[in-house]
Amino acid sequence: MISKILIANRGEIALRVLRACKELGIATVAVHSTADADAMHVRLADESVCIGPPPSRDSYLNIHQIVAACEITGADAVHPGYGFLSENAKFAEILEAHDITFIGPTAEHIRIMGDKITAKQTAQELGIPVVPGSDGEVKPENALEVARKIGFPVLIKATAGGGGRGMKVARSEADLEEAVATARTEALAAFGNDAVYMEKYLSKPRHIEIQIVGDGAGNAVHLGERDCSLQRRHQKVWEEANSPALNVDQRMKIGQVCADAMKKLKYRGAGTIEFLYENGEFYFIEMNTRLQVEHPITEAITGIDLVHEQIRVASGGGLSVRQEDIVFSGHAIECRINAEDPRTFVPSPGTITHFHAPGGLGVRVDSGAYQGYRIPPYYDSLIGKLIVHGRTRVECMMRLRRVLDEFVIDGIKTTLPLFQDLINNQDIANGDYDIHWLEKHLAATSE
Ligand code: ADP
């Protein structure tokens, strides 16, 4: 049994995990940098430990300080949230070596999915459909041969990739040499590893991902999909569940493929299998071995608390649900509220002078922000998430329109006006968009 959880994160996700711990009667330890001493997750935790100065590498990424904080407070488990150390296999191993439970998958599974080529090969072996592409790494000297086999356009991607970096499209043979060279240079600069691989470039896909949870002993369920096609620079902006593009049969079919794969893998914890979806086909791109930012929309349509499930399986308690118990009800949309200029997306840290969160039926606001809160400039700009649920997509959109009118955040710039714009757009109303839609829309409306 787990009796005290140290939350190795900050911001809205630290608060999210803390809430689940409270509901389960588990004591909480917050850790924070000196820049976050006043943060909400610190105020609400049973205990807190300062783990270093503002830069993440000295605090939220400092494994020694976090392990020391566990020992000082007697925490017997760590929840890593997302980002920071959540997909760091070494961190999971060090915790296990100290007899501290890592609330997540095994270090081995984190490692397999953290390397894109191994992840893709593993997915294929587990029966998950993948994007046609190279068999592992591609060297400049055999790039042309591989590209001809796949067929142009092709995408060159960094093996160690993340955050959309080290990715280049080659539309024809003439582009190829330069695309490979640029991708390798970028990959080396960003990840210290210049290995690249090649995939068929899909021109108008949607981004659809499947939420799964496994108990580590061969049981796993899927909780349907999320459509995260509305992105800017590969960063998700608006997510919905279910996807406007899938019907029940397609959902249950791809969901079952993923759940079966996770059973075979004996996967433990929550995870997300990400696909590009085009012309009725799914193509695996990667698996995230952690809780995702957009998990609340899945919770809204299933009623299942994913953090409760993570904690249950980490403590050996198994899953609380069987596949046949999971019922998808209604529609949910999440808007990511960033402290950024809604047109230029330049970060806008500063003090929130006025904060009023909306309420009412079907509304959830996950945020560590409050009136008088000073947003530090050191971390990502996500300050909150607005999640709206309705019985139908139309009802959900109507509710979202009302809720956006109610939300007030003054003193800084936020992305709220962007959502006011999207909610009045006909393509969005029709659910008719792909992964390029938002950037095209932003370019068209900025002229
Ligand atoms: P990262 O880990 O860097 O985020 P992903 O493999 O998850 O990389 O891809 C990020 C995004 O890049 C996808 O959401 C999609 O927008 C685009 N992308 C990736 N692979 C392809 C592909 N084969 N064809 C078209 N777009 C792609």
Side-chain angles (χ1 to χ4, degrees), residues 82-83 86-88 110-124 128-138 146-147 149-171 175-176 179-180 182-184 186-210 225-240 243 245 271-279 281-290 292-294 336 380 433-442:
Y82 52 68
S86 60
E87 290 174 293
N88 184 314
I110 297 175
R111 232 173 235 130
I112 289 173
M113 294 304 171
D115 176 86
K116 299 220 157 189
I117 290 179
T118 323
K120 207 172 156 184
Q121 280 163 353
T122 308
Q124 205 162 9
I128 296 173
V130 303
V131 194
S134 61
D135 229 355
E137 200 186 328
V138 167
V146 178
K149 221 182 276 167
I150 299 170
F152 284 93
V154 295
L155 186 66
I156 323 297
K157 299 172 81 171
T159 311
R165 281 172 302 174
M167 239 188 270
K168 285 281 163 274
V169 185
R171 300 201 177 270
D175 295 347
L176 188 65
V180 172
T182 321
R184 283 166 62 95
E186 261 185 37
L188 185 65
F191 314 110
N193 175 354
D194 68 358
V196 295
Y197 64 107
M198 202 184 289
E199 271 178 3
K200 170 123 204 93
Y201 179 72
L202 304 168
S203 59
K204 286 182 167 182
R206 296 179 81 109
H207 173 115
I208 295 183
E209 56 185 37
I210 308 291
E225 86 283 11
R226 295 183 286 260
D227 194 318
C228 314
S229 302
L230 290 173
Q231 303 181 357
R232 180 184 167 273
R233 298 210 174 142
H234 302 304
Q235 301 295 316
K236 298 165 187 168
V237 170
W238 153 308
E239 302 100 349
E240 25 188 327
S243 168
T272 299
I273 303 175
E274 296 193 337
F275 294 95
L276 294 177
Y277 174 79
E278 194 172 72
N279 299 328
E281 299 291 332
F282 287 92
Y283 303 98
F284 170 88
I285 44 172
E286 67 172 343
M287 176 168 181
N288 292 317
T289 52
R290 54 166 167 83
Q292 306 253 119
V293 175
E294 59 274 22
R336 295 195 189 195
D380 77 13
Y433 54 80
D434 61 35
I435 61 169
H436 304 296
W437 187 92
L438 183 58
E439 291 196 354
K440 278 191 208 143
H441 172 75
L442 291 169

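All heavy atoms count here, side chains included; hydrogens, waters and symmetry mates do not. Read the numbers this way: they start at 1 and go in the same order the structure lists the ligands and their atoms.
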Distance-only N or O hit between ligand 1 and Glu199, under 3.5 Å: yes
Short N/O distance, under 3.5 Å, between Leu155 and ligand 1?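 No.
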Would you give me the side-chain donor-acceptor pairs under 3.5 Å for residues 129-136, sequence neighbours excluded?
unit_1, atom_1, unit_2, atom_2, d
Ser134, OG, Gly136, O, 2.8
Ser134, OG, Met198, N, 3.0
Ser134, OG, Met198, O, 3.4

To the nearest 0.1 Å, how far is [atom] from its closest protein heavy atom, and which atom is that?
atom: atom 3 (O) of ligand 1; answer: Gly164 N, 2.6 Å
atom: atom 24 (N) of ligand 1; answer: Leu202 N, 2.9 Å
atom: atom 13 (C) of ligand 1; answer: Ile285 CD1, 3.9 Å

Could you tell me whether the side chain of [X] and the main chain of [Y] form a donor-acceptor pair under 3.5 Å?
X: Thr159; Y: Ala195; value: yes
X: His436; Y: Ser203; value: yes
X: Glu278; Y: Lys204; value: yes
X: Ser229; Y: His207; value: yes

Hey, looking at [atom], which of [options] has the closest heavy atom?
atom: atom 11 (C) of ligand 1; options: Arg233, Glu278, His234, Lys236; result: His234
atom: atom 16 (O) of ligand 1; options: Ile435, Leu276, Val130; result: Ile435
atom: atom 6 (O) of ligand 1; options: Lys120, Lys157, Glu286; result: Lys157

Is it true that Gln292 and Glu239 share a donor-acceptor pair across their side chains at a distance under 3.5 Å?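 The answer is no; no qualifying pair exists.
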Pull out every atom of ligand 1 sitting under 4.0 Å from any heavy atom of [X], numbered as shown with elements.
X: His207; value: 14 (O)
X: Gln231; value: 14 (O), 16 (O)
X: Tyr201; value: 24 (N), 25 (C), 26 (N)
X: Met167; value: 3 (O), 8 (O), 9 (O), 10 (C), 12 (O)
X: Lys116; value: 1 (P), 2 (O), 5 (P), 6 (O), 7 (O), 8 (O)

Is the number of heavy atoms from other residues, nucleotides or ligands under 6.0 Å of Arg233 CZ greater than 12?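 Incorrect, the count does not exceed 12.
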Contact partition for Lys200 relative to ligand 1, non-hydrogen atoms under 4.0 Å: backbone
Is a salt bridge present between Glu274 and Lys236, judged by a nitrogen-to-oxygen distance below 4.0 Å?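 Judged by the 4.0 Å cut-off on N to carboxylate O distance, Glu274 and Lys236 do form a salt bridge.
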Distance under 6.0 Å and angle within 45° of ring axis: Arg171 vs Phe152: no
